[in-house]
**Q** 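I have a structure here, written as structure tokens, and I will follow up with some questions on it.
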Amino acid sequence: MSEMKDMIVDVVEKIFNDKVEKETVDLLEENTWPQHIWDIMFENELQQVAVREEHGGAGGDYEDLFHLYRLMGKYAAPIPYVEHTFANVVLENANIHPMKELTTVHLHANPLAIVNAKVSGALHYVPWARYAKKLVTLATDQGKEFIVLLDLKDAQMKHETNVAAEPRDHVSFTDAAVVTCQPISQEQLVFLQNLQTIATICKMTGAIDRAFELSVQFSKEREQFGRPIHRFQLVQQHLATLAGEQALTAAAMENVIARLQQGEVHDEVAFARLKIEDSSRIVATSAHQVHAALGVTHEHRLHHYTRRLWAWRDEDYTGRFWKKELANRWLQSSANIWEQLTTKKHMEHI
Amino acid sequence: MSEMKDMIVDVVEKIFNDKVEKETVDLLEENTWPQHIWDIMFENELQQVAVREEHGGAGGDYEDLFHLYRLMGKYAAPIPYVEHTFANVVLENANIHPMKELTTVHLHANPLAIVNAKVSGALHYVPWARYAKKLVTLATDQGKEFIVLLDLKDAQMKHETNVAAEPRDHVSFTDAAVVTCQPISQEQLVFLQNLQTIATICKMTGAIDRAFELSVQFSKEREQFGRPIHRFQLVQQHLATLAGEQALTAAAMENVIARLQQGEVHDEVAFARLKIEDSSRIVATSAHQVHAALGVTHEHRLHHYTRRLWAWRDEDYTGRFWKKELANRWLQSSANIWEQLTTKKHMEHI
Amino acid sequence: MKLPTVQFTKEQEMFREEVRAFLQEELSKGTFQTKCDSWLSGCDANFSKLVAEKGWIGMTWPKKYGGGERSSIDRYILTEEFLAFGAPVAAHWFADRQTGPLLLRFGTEEQRNFFLPKIVKGECFFAIGLSEPNSGSDLASVKTKAEKVEGGWVVNGAKTWSSNAQHAHYMVTLVRTEPVSEKKHSGLSQLIIDLNSEGVTISPIRYLTGEHHFNDVFFDNVFVPDEMVVGTLGNGWAQGLAELAYERSGPERILSTFPLLNEAIEELKRQHNLEGLAEASKLVAELWSLRNLSIGVAKVLEEGGEVMVPAALVKSIGTKFEQKVPEVVRLLLDVYPQLQAEQKMNRFLAESILHAPGFTIRGGTSEVLYGIIAKGVIAG
Amino acid sequence: MKLPTVQFTKEQEMFREEVRAFLQEELSKGTFQTKCDSWLSGCDANFSKLVAEKGWIGMTWPKKYGGGERSSIDRYILTEEFLAFGAPVAAHWFADRQTGPLLLRFGTEEQRNFFLPKIVKGECFFAIGLSEPNSGSDLASVKTKAEKVEGGWVVNGAKTWSSNAQHAHYMVTLVRTEPVSEKKHSGLSQLIIDLNSEGVTISPIRYLTGEHHFNDVFFDNVFVPDEMVVGTLGNGWAQGLAELAYERSGPERILSTFPLLNEAIEELKRQHNLEGLAEASKLVAELWSLRNLSIGVAKVLEEGGEVMVPAALVKSIGTKFEQKVPEVVRLLLDVYPQLQAEQKMNRFLAESILHAPGFTIRGGTSEVLYGIIAKGVIAG
């Protein structure tokens, strides 16, 4: 862990507390976004966190970056921070110089094809593509996989959104030029799968943090039948459920990151991803039930968090992907599940 | 529906109320059973319900019989009534004369083999075999299926029990004589599968009736923190859950029987079986939680019902069997599920 | 709890076929597009007009008011088919489900003669004014006040969560006609308020998706003539409770996400996915079980029986089932929820997920229902 | 709620291997047979003696009392391995988990010197006397009374649900040493009662399976010497609360049905059942998540931090998970639950199903825990 973690987290939380009002998040639904917040982040060099020193990095490591991702979830920050910084993580892992201009990333499916150094193919649900200049993605050339950097002005684009109104565009290329590309090994790809999954886990953890906080606050303020609703056993049950899922997901995130920092992350990424997918359902259900009618209005900000949970759980490398992966790993192992759980594995990759 | 249904049900409920004390049910755990209750049932010709007139039947039809099965569950009646009467149902459906002496039945798996008119093979978990004289089961002879009646004195037997301490014996035959046998068509077998499944549904419905009743009663009598526990919201939630499952399973049972009586039962048997399996879990969990520590003692009679639910849900044609059956049926049908649900099908069999 | 077992007659089955053929045809003509939760979100006056032409609004009401004098089981079948097809029935929904039965039970002959024929023709839509800002589940804490004046009442206050009030002509409004006494349920009355009256302001409450289904309705010295009082003055609470049974046990508490389940099973069949079909069959079994109960309640209602507790049961379990459908389906199929998607599955999944939180809140929260059921059960 | 993230050290991993090798050997020698819920149902003084010989009872306690002065993380690892192997640890369980820490915190030097070395040697087992007939979740409603006499106290009353008291030598007993005042939590004290004393009667409460784990313990003018008072007179409630944290957050609230899960996954592997393994992986993910939390609480406990709320969380969610395991496993595999079965799967499934109802009741019902958690959360 970098020593600056707490400081960076404090700085960003302060920025978001000041600048990311509910109305700011609502902008996405009007098909625009608060560029000024992006710019403030830039002025504070926050897009450079965890970038390598030789590439102009501002210090910090993956752990710091991941804790910022959690804040993106906690504030439903309507900026492509995760996408841009993770695109740069991918580029650096492929030994490509990271980008300053807005770049997005799409790894988990539909690799494009490279033919005669030109790229063709279509990608669904590319985050923030309409606002980004560049795209980092996978492409195959004669059976080999490459990380490619593409210019989005070469793309045909159809604007779409996820259920949280975040941009998820349909992007297609026909014989587009490759800005740059590098081959990527299977081990590197697995490592990037792990990293991207952790990124999603962190965003979701943050959204759960907030859905829990909002519910606690609401249950103190809201009165029914003459007393604050947190005095009712059935509301207490919801609060206990929410507190439990929040604690479990926060601990899962921290444990996965700790393992990553020790170079020992393995099945834990899958476990944390599966758990947070299930927690999302439980948290969204209980948070909405506590908030009752007020929570389903657009005016209340709860939906900024629950809709993100509903969107994010089905994006990137999902629980579906990871549970199949676990099944395959276990089938190939003679160790029983207790041994699997209690024996650290050193990452084979990178 | 036979007009005598309410009368028969009243008679048996009265007998059980008088005679089937908790201690009577406990006898099974001491490896004995209350023969006198069997005898009283016999004196009242209750073993003859739904038996054909020409076979000495006492009137009544399947609907009457099934309502008595529900009472067997509701009183955890420690007698092989369901087994004996259902064995006779099977015999009559195979055009074999029903038995007066205690007979049991085992249909759902492991058919025995007939070679040179002799039967060999082993059956697991045969209900009440140790006390029965005869066994009705399936056997195959050169690829053809038969309903066979066997003499249990020809069997080797290992005493086993289910989790409710009911006798479920391991029974094996080596070149045993066939008392009588008749070939059975696939359609007849499907019909018997339906009937046996309905029988189990009825027993389980009765056990759910009682687990619900006991919980309501307990929540009125038990005080905690100075008031009856039914005044606590979390107990109310359990009571509402139990009331719901009781209502759902009772309605499911009645609907299946109504369809059967109209000769139109089809997917409904599978639906009711799947539902009652799930309801058993919900009911056992909530009933025990309402009863708290007292409910897990042997002294309290709740376990007579919950243990039966846990045992019966895994016996005969289970949810596992029926959900596969439904999947296969649907795959072969061009009708969508709404059409399946709302269009009556006439039984193809019998 | 013992409910009757209803087996549909041949005539009823034929009626179902008739409704289905109509919906199939309108669907293929593009008159409507299937939606999940269409009884809230599918508001289309033109479609309601088509339904009216078939004689399917107020179909159980007396012929002298334009009704069809059909059985409530026929109406049950009709409603089921609408929901299974996800047809846009929201415009006439409340008038058909609640206002008509209310007027038939408590209304004056003049009210019946004036309103029912219009409702039946699909020309008069109603909204419901029950909840108030800050009242939440405590429905009896009504603050909207009607003061007696010459020839009528002057209403001041506000109602909230009024579905589709922006398209409705009238609102059945629960107001306080006597000052608050010890029993907060007393002194309440139901008034029919013309939503075009002076002093009425309707302002949208946007749903979390941004959709406009719900409204705040404000009353600023709105005059309501005496003849618009429904039933007995001061008896509004009891009259309102009677409505709740109609509101809680219908197929709309089971089928709101059915179009998703149906589509999912069709997709699993296309994939020859036996494991998936087997899992989905458990949902269908639950649906079938709930439906037996719901039809049983409909039968008791028709016979004038008491259904407060079983109706609460159907609602609490049924709406939980509706919420469960998208959560199970998304694990059975690889599908990305998206409201604007071209693929039906993606769209139905998004609609179901986004509307799900409301299912266990609207029409009585599950928490309130548990209390009602438990009290009923304890009282025996 | 912020808990520390614990990563095991190399030494700790080696310790785990050591425990595992021991258990593997004893298992293959037939010293014990794996059971679900073995910390309640596996009571074997001989096995406890073997554990004592390894220095694994009271392993965190000071050396001067015979302890090993090892970390609570080591003890956590040890406990996990016992439970994962379903080893019969019930005999020394309460002395090790609760009585030792209680005496170290509140006991006199004499008490420590007398009891701890015996416990460590596996020669002295304790039972807990907390619940009383009819007290249920209302633990503070203690009626068992101790009256002051020359040189000690005379105890009358009864305790219930005392696990394995029939095998224990002593019982830490919560009694009322002052008359009931307005605050029912005050005036309570903890006494160590020799279960061989005159006037003590232990009678079995059979579990629903017929097994004998629990007991009623009656006190009829039982004399308890002054030196057997633990801590401060009248402070028994507070002292007892401190014990609860130890009782609620350990691996025994997560792993009671683990042997079944382990066996199920091995079986799915044998069947090459990828779908089943994928489903089972969700349970393992839950287990992993709970374990992180439980270990975090253990770490805070070791550092003397406050864990009332997170311990209640671990217990309420962990025991629900323990209950869920058999219900998921039985749907993944074709297995018939049977207590006397030869096949491990059938036996583990029966043990898990039959013991499951107790998980969410013993040590604080889930209903009581929800209240504790919610109050903690609201207080911030």
Side-chain angles (χ1 to χ4, degrees), chain B residues 26 29-30 109 124-125 158-165 168 170 222-227 229 232-235 237-238 277-278 280-282 284-307 309-311 313-315 318-321 323-324, chain D residues 131 133-141 160-161 184 204-214 216 320 323-324 326-328 330-343 346-347 349-371:
Chain B
D26 286 341
E29 271 155 87
E30 293 153 30
H124 275 285
Y125 317 129
K158 186 171 161 244
H159 292 191
E160 302 197 25
T161 62
N162 65 16
V163 289
R168 293 292 184 268
H170 183 77
R222 177 76 170 169
E223 297 207 351
Q224 288 270 277
F225 303 101
R227 49 185 177 152
I229 61 169
F232 292 91
Q233 270 197 331
L234 288 171
V235 174
Q237 186 181 28
H238 286 304
E277 191 165 316
D278 200 42
S280 300
R281 174 182 58 78
I282 300 169
T285 302
S286 273
H288 273 295
Q289 201 64 23
V290 168
H291 283 80
L294 294 177
V296 298
T297 62
H298 193 270
E299 201 180 334
H300 196 285
R301 61 191 172 163
L302 176 63
H303 67 83
H304 281 318
Y305 305 96
T306 54
R307 284 162 72 199
L309 289 172
W310 291 321
R313 66 180 177 172
D314 280 322
E315 293 180 346
T318 61
R320 165 182 301 276
F321 172 88
K323 72 184 183 181
K324 281 186 196 163
Chain D
S131 296
N134 296 316
S135 76
S137 290
D138 189 4
L139 291 176
S141 65
T160 191
W161 303 117
K184 65 180 175 181
I205 303 172
R206 285 199 298 152
Y207 190 68
L208 56 80
T209 48
E211 296 161 272
H212 176 196
H213 310 305
F214 299 109
D216 280 319
K320 213 164 147 185
Q323 283 182 341
K324 185 176 173 181
E327 296 302 323
V328 173
R330 65 176 283 280
L331 297 175
L332 295 181
L333 289 161
D334 203 355
V335 52
Y336 183 75
Q338 219 189 7
L339 275 179
Q340 319 85 349
E342 281 163 31
Q343 309 93 312
N346 302 37
R347 186 161 59 77
L349 181 61
E351 288 166 357
S352 296
I353 289 172
L354 292 166
H355 279 244
F359 301 161
T360 50
I361 295 168
R362 63 190 184 191
T365 66
S366 296
E367 286 77 7
V368 163
L369 298 175
Y370 296 149

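Numbered from 1 within each chain, the chains take letters A, B, ... in sequence-line order.
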**Q** With chain B, which of D:Leu333, D:Thr365, D:Thr209 has the greatest number of heavy-atom pairs at distances under 4.5 Å?
**A** D:Leu333
**Q** Which bit of B:Leu302 comes within less than 4.5 Å of chain D, counting heavy atoms only: side chain, backbone, both or neither?
**A** neither
**Q** Could you tell me which of B:Glu277, B:Glu223, B:His291, B:Lys323 has the largest number of non-hydrogen atom pairs under 4.5 Å with chain D?
**A** B:Glu277
**Q** Check whether B:Gln224 reaches the backbone of D:Ser135 with its side chain - one donor and one acceptor, N or O, closer than 3.5 Å.
**A** yes
**Q** List the atom of D:Pro357, the atom of B:His288, and the distance in Å for their closest heavy-atom pair.
**A** CB-CG, 3.6 Å
**Q** Please determine whether a side-chain nitrogen of the Lys or Arg among D:Arg206 and B:Glu29 lies less than 4.0 Å from a carboxylate oxygen of the Asp or Glu.
**A** no
**Q** Against chain D, work out which of B:Asp314, B:Val296, B:Val163, B:Val235 has the most heavy-atom pairs shorter than 4.5 Å and name it.
**A** B:Val296
**Q** Less than 4.5 Å to any heavy atom of chain D: does that hold for the side chain of B:His159, its backbone, both, or neither?
**A** neither
**Q** Can you confirm whether B:His124 sits close enough to D:Tyr336 that some side-chain heavy atom of one is under 4.5 Å from a side-chain heavy atom of the other?
**A** no
**Q** Looking at every heavy atom in both D:Thr360 and B:Gln289, which two are closest together, and how far apart are they?
**A** OG1-OE1, 2.6 Å
**Q** Is there a side-chain contact between B:Thr297 and D:Trp161 in this structure, where contact means two heavy atoms from C-beta onward sitting under 4.5 Å apart?
**A** yes
**Q** Could you state the interatomic distance from CD (D:Glu367) to CD (B:Gln233), rounded to the nearest 0.5 Å?
**A** 12.5 Å
**Q** Taking side chain as everything from C-beta outward and backbone as N, CA, C, O, which of these in B:Tyr125 sits under 4.5 Å from a heavy atom of chain D? Side chain, backbone, both or neither.
**A** side chain
**Q** Is it the side chain or the backbone of D:Tyr370 that comes within 4.5 Å of chain B heavy atoms, both, or neither?
**A** side chain
**Q** Between B:Thr318 and chain D, with a heavy-atom cut-off of 4.5 Å, which part of the residue counts as in contact: side chain, backbone, both or neither?
**A** neither
**Q** What pairs with D:Glu327 under salt bridge (Lys or Arg N to Asp or Glu O under 4.0 Å), at least two apart in sequence or on another chain?
**A** B:Arg313
**Q** Please find the pair of heavy atoms, one from B:Arg222 and one from D:Asn134, that lie closest to each other, and give the distance.
**A** NH1-OD1, 3.6 Å
**Q** What option among D:Ser366, D:Gly358, D:Ala341, D:Pro337 has the most heavy-atom pairs under 4.5 Å with chain B?
**A** D:Pro337
**Q** Can you measure from CZ (B:Arg307) to CG (D:Leu354) and round to the nearest 0.5 angstrom?
**A** 6.5 Å
**Q** Given the options D:Arg330, D:Gln340, D:Gln338, which has more heavy-atom pairs under 4.5 Å with chain B than any of the others?
**A** D:Arg330
